[in-house]
Amino acid sequence: MPLSADFFNRPTLQVARDLIGRDLVREHPSGETLVGRIVETEGYTQNDPAFHGWNLYDEDTGEVRREGRAADLFGPPGTAYVYLIYGAHWLLNVVTEPDGTGGAVLVRAVEPLRGRDAMRKRRPAAKKDIDLTNGPGKLTEAFGIDGEAHRTDLTAPPIYFTDGEPVAGDRVSTSSRIGLTKGVEREWRWFVDGNRFVSKATPSAHKQ
DNA sequence: ACGAGGATGCTCT
DNA sequence: GAGCATCCTCGTG
């Protein structure tokens with residue numbers, strides 16, 4: 001059963017934590033199905049300088065200017081916000097919070113569970129298995145997810161999440177987010193301790 | 001093992 | 001025109 005819109009219609013940081021251990025599923029028209037267990041996420045909220053829709057939200061009045069691409073971050077929970085970074089890599093986010101409130105969770109790394117051969121074909125640069133999906137741009141390439149998925153519903157095929165295997169709190173750590181210049185003081189990155197498929201960059205981490 | 005540097009295109013100013 | 005929620009390659013040790 002795909003995770004429902006209710007799962008994503010919650011505070012962003014809670015969703016970011018709860019997505020750890022869930023499975024990302026991608027069904028291709030050819031019939032192949034790819035599955036990856038989520039081992040690393042980041043949360044972005046509307047009053048967060050690192051949030052793409054940050055300048056659309058007025059903290060004083062609570063008003064939202066829903067203009068441009070970032071306005072989709074204020075859309076219905078459970079939809080996709082797919083973003084092209086450095087003109088090269090697509091990053092997959094799930095929109096959180098009620099419609100009208102901004103928020104999203106970035107899927108940063110997954111552990112391949114099913115369809116490794118298909119992932120290898122899409123990721124010729126990957127020398128080892130861990131290079132297939134240990135980064136936000138790598139996993140979208142491995143899964144064949146790009147701008148076409150933007151704004152689509154992630155609570156039903158062809159791209160969705162399932163329950164997976166819950167991860168106990170003592171195996172999850174937090175840290176500051178990666179690659180940012182703003183909002184670096186917020187510890188809004190979650191990852192499975194010691195998992196080989198977590199991305200390489202490792203800021204100082206804390207037990208959850 | 002690790003660090004530096006370049007590629008690349010979209011969005012907003 | 002600047003900045004960017006990244007990845008890859010090629011140095012050096």
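Quick note on labels: first sequence line is chain A, next is B, and so on, each numbered from 1. For the numbers below, each heavy atom of this structure counts, side chains included, while hydrogens, waters and symmetry mates do not.
Of the residues in residues 112-147 of chain A, A:Arg123, A:Ala125, A:Lys127, A:Gly135, A:Pro136, A:Gly137, A:Lys138 come within less than 4.0 Å of DNA chain C through at least one heavy atom, sorted by number.
For the pair A:Asp117 and A:Arg120, the salt-bridge criterion is met [side-chain N within less than 4.0 Å of a carboxylate O]. Salt bridge status for A:Asp23 with A:Arg37: present, with a side-chain N to carboxylate O gap under 4.0 Å. Ion pair A:Arg189/A:Glu40 flagged as a salt bridge, since at least one NZ, NE, NH1 or NH2 atom sits closer than 4.0 Å to an Asp/Glu carboxylate oxygen. Remark: A:Arg116 engages A:Asp129 in a salt bridge, criterion side-chain N to carboxylate O under 4.0 Å.
For the atom pair A:Glu32 CD and A:His28 NE2, the distance stands at 5.0 Å (nearest 0.5 Å). With values rounded to the nearest 0.5 angstrom, A:Phe161 atom CZ is found 5.0 Å from A:Phe8 atom CZ. For the atom pair A:Asn9 CG and A:Thr96 OG1, the distance stands at 9.0 Å (nearest 0.5 Å). Summarising the geometry, atom OH belonging to A:Tyr81 is positioned 7.0 Å from atom CG belonging to A:Asn93; distances are rounded to the nearest 0.5 Å.
Distance alone, capped at 3.5 Å, is enough to place a donor-acceptor pair between the A:Arg66 side chain and the A:Phe74 backbone.
A:Asn93 has its CG atom 11 Å from the P atom of C:dA5, to the nearest Å. The distance between atom CH2 of A:Trp190 and atom P of C:dA5, rounded to the nearest whole Å, is 18 Å. If you take CG of A:Leu180 and P of C:dG3, they are 16 Å apart, rounded to a whole angstrom.
Here the two rings, on A:His52 and A:Tyr44, have centers that are 6.0 Å apart or farther.
Note on A:Thr181: a side-chain N or O is less than 4.0 Å away from OP1 or OP2 of C:dC4. Taking only side-chain nitrogens and oxygens, A:Arg189 never comes nearer than 4.0 Å to OP1 or OP2 of C:dA5.
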**OP:** Assign a letter to each nucleotide of nucleotides 7-13 of chain B from its 5' end: B, base within under 4.0 Å of a protein heavy atom; S, sugar-phosphate only; -, no contact.
**Re:** -BBSSSS
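The salt bridge (charged side-chain N to carboxylate O under 4.0 Å, His left out) search around A:Arg196 returns none, not counting sequence neighbours. Here A:Asp146 pairs with nothing under the salt bridge (charged side-chain N to carboxylate O under 4.0 Å, His left out) rule; sequence neighbours left out.
In this structure, A:His89 and A:Glu141 have side chains that are not in contact, with every pair of non-hydrogen atoms separated by 4.5 Å or more.
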Dump every N/O contact between nucleotides 11-13 of chain C and the protein below 3.5 Å, one line per pair.
none

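Remark: DNA chain B forms stems of 3 or more consecutive Watson-Crick or G-U wobble pairs, all pair distances under 3.5 Å, at B:1-7 with C:6-12, B:9-12 with C:1-4.
The residue A:Phe51 sits apart from the nucleic acid: no heavy atom pair falls under 4.0 Å.
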